[in-house]
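The sequence lines fix the lettering, A, B, ..., with proteins before strands; numbering per chain opens at 1. Just so we're clear, the structure is a prediction, and the values are computed from it rather than from any experiment. What you see below is based on every heavy atom in this structure, not just the backbone, and it leaves out hydrogens, waters and symmetry mates.
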Protein chains: 2
Amino acid sequence: MVQATVQGAQVVGRVAALLRIVSRNPKGAALVEVVRESGLTRPTVHRLLTSLAAEGLLEHDGTTGNWVLGTEALLMGSVAAARFPVEDIARPSLRRLAEETGESAFFSVRRGGETVCLLREEGPFPIRSFVLHEGVRFPLGVASAGNAIMAFLPAEEQEQILARWDDHAGTFAPTHPVALVRDNLARTHHDGYSVNPGLVLEGSWGMGAAVFDTQGKPAWALSLTGIEPRFRKDRQDFLGRFLLEEAHQITGRLHSRMT
Amino acid sequence: MVQATVQGAQVVGRVAALLRIVSRNPKGAALVEVVRESGLTRPTVHRLLTSLAAEGLLEHDGTTGNWVLGTEALLMGSVAAARFPVEDIARPSLRRLAEETGESAFFSVRRGGETVCLLREEGPFPIRSFVLHEGVRFPLGVASAGNAIMAFLPAEEQEQILARWDDHAGTFAPTHPVALVRDNLARTHHDGYSVNPGLVLEGSWGMGAAVFDTQGKPAWALSLTGIEPRFRKDRQDFLGRFLLEEAHQITGRLHSRMT
DNA sequence: CCCCAAAGTCCATAACATGGACAACCCCAC
DNA sequence: GTGGGGTTGTCCATGTTATGGACTTTGGGG
């Protein structure tokens, strides 16, 4: 989890890890939770969290005792969003997808060996899954967004991940045997869109399509999630086409914005 | 600039300072610039920036050599925005203001003794000022947003700031004599909205109105900027009413969202 | 009222970040 | 081509600074 890649900067790695852990959930995380997830000692975590809060990057919610992202995080996001106007670019597609399919729609971004959920738009269908929301991370290859992205990576990059799959997938390894993942990747590459048949949580299905950056690399993904009866074979074609169409539009919008 | 508020966490303060400096501008900042602004030595800044980049919080733009906010910053912002949905809450008002007045409209947030510009919406009027954009910070009391916020702080808090005004205002102190600021604050408190008659940059005028959080504290501000002829006396009343009306709406939306 | 878990604090220790000094660039001027 | 000013990148001995074991405090449940 925590590893110093640049020497002379252990704390930076730790701080970044803590921020990631806290930002996994808009509701934040309790101290013990951060301690457990980070593998650091309690005094250290406490001290770092307190100082991050003093800097405004975090806040300490008095009622729940949870540590949550602070205003500085909001600011940084705003500025970063001026360079990558994700909201402008992806939101319209999410609205259309959610509205017309009834399911919840998501926009995720690749970040190293993970995908992270950036935007969420709830659909009108009354049964909704809350597995995925802003900040949730999955290893590449897990869940529909991660599958869609990984399927369009260069073959050697995919092999690198698959070679150490169990390590990479972590807690998802048991429900995601490498052979199954290989199958799914091949199918995704063929169809253009991915299908997650409830592998992360039984009954919670999803479909995804990759969005490509200006270098043609799969850097983002659109996805839909809902319950199994809404993702049966007869509907997959409709949902898949829809996702691909919107993903294509987003790719276009990205490229015109980034030039 | 850099001061360790919590002990045993010097680096956290430094890292936060660097992030703030880089995030002052969506285009990022060069190494020397960060060195100058932070007051740290070059090796230290370089090492910290490099490790922040390794963590994805920053990126090193290969073409310009500038350090810019990275994807992790975007992610954190997304998650923080799920708690403070600033975009949803303020954007419609900004659009209306920009569209109907012609000027550029801004949404800023108070952060300690500063205001930071969060959102910008350009108006159709062809002469536009680029003094203010996402990430730009002003001391409280300087510029229309900071004036509007400060004017509605408790009297003793205002006095605390005014007591050490020159120190607080920094580079703005020469153009913002404390007597003038006092006058402006009083007028703002009376009118409800603030007017900045080109104090930050000659010819660049602005008007602002505060937005109040659930505890009734002025935590955000709406503002408009443009050239002097567009902010003459006869138009100030119209612009002021408009700002107050939209600020009121945002306050309402905030309160219903936060409960 | 007691107990246990979580949060918060202290301080001697040594691990870690630090920054002076040096090297490698890059661009412009002459 | 060559020289100079400005900027970036790297190394490593030094001591400043983060660390975490141990202790204290808080608070919720039975």
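Each of A:Ala30 and A:Val12 has a nearest nucleotide on DNA chain C; the 5'-most of these lies closest to A:Ala30.
Every residue two or more places apart in sequence or in another chain that forms a salt bridge (Lys or Arg N to Asp or Glu O under 4.0 Å) with B:Arg111 is listed here: A:Glu72. Judged as a side chain to side chain contact (heavy atoms under 4.5 Å, CB included), and not counting sequence neighbours, the contacts of B:Asp88 are B:Pro85, B:Arg257. Shown here are the salt bridge (Lys or Arg N to Asp or Glu O under 4.0 Å) partners of B:Glu202, two or more places apart in sequence or in another chain: there are none. For A:Glu122, the side chain to side chain contact (heavy atoms under 4.5 Å, CB included) partners two or more places apart in sequence, or in a different chain, are A:Ser104, A:Arg120, A:Arg128, A:Phe130.
Salt-bridge annotation for B:Arg110 and B:Glu157: present, with a side-chain N of the basic residue lying under 4.0 Å from a carboxylate O of the acidic one. Between B:Glu55 and A:Arg20, at least one side-chain nitrogen of the basic residue sits less than 4.0 Å from a carboxylate oxygen of the acidic one, meeting the salt-bridge criterion.
In this structure, the CG atom of B:Leu48 is 11 Å from the P atom of D:dA18, given to the nearest Å. Between A:Trp67 atom CH2 and C:dA7 atom C1' the separation is 10 Å, expressed in whole Å. Rounded to whole Å, the distance from CG on A:Asn66 to P on C:dA6 is 13 Å. One can place NE2 of B:His60 at 14 Å from P of D:dT7, the figure rounded to the nearest angstrom.
Nearest nucleotide to the A:Leu31 side chain, out of C:dA17, D:dT7, C:dA7: C:dA7.
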Passes side-chain contact (heavy atoms from CB on, under 4.5 Å), A:His168 versus A:Leu140? Steps please. CA-CA 8 Å; A:His168 170 82; A:Leu140 275 180; 4.0 Å; yes
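The end-to-end axis angle of the helix from C:dC1-D:dG30 to C:dC30-D:dG1, rounded to 10 degrees and based on five pairs per end, is 40°.
Under a 3.5 Å cut-off, the side chain of A:Asn66 and the backbone N or O of A:Lys27 do form a donor-acceptor pair. A donor-acceptor pair under 3.5 Å is formed between the side chain of B:His255 and the backbone N or O of B:Phe212.
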Every protein N/O within reach of nucleotides 19-24 of chain C N/O, cut-off under 3.5 Å:
from	atom 1	to	atom 2	distance (Å)
C:dG19	OP2	B:Thr41	OG1	3.3
C:dG19	OP2	B:Thr44	OG1	2.8

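Contact annotation: A:Gln10 side-chain N/O to D:dT19 OP1/OP2 distance is under 4.0 Å. In this structure, B:His46 reaches the D:dG9 phosphate: one of its side-chain N or O atoms is under 4.0 Å from OP1 or OP2.
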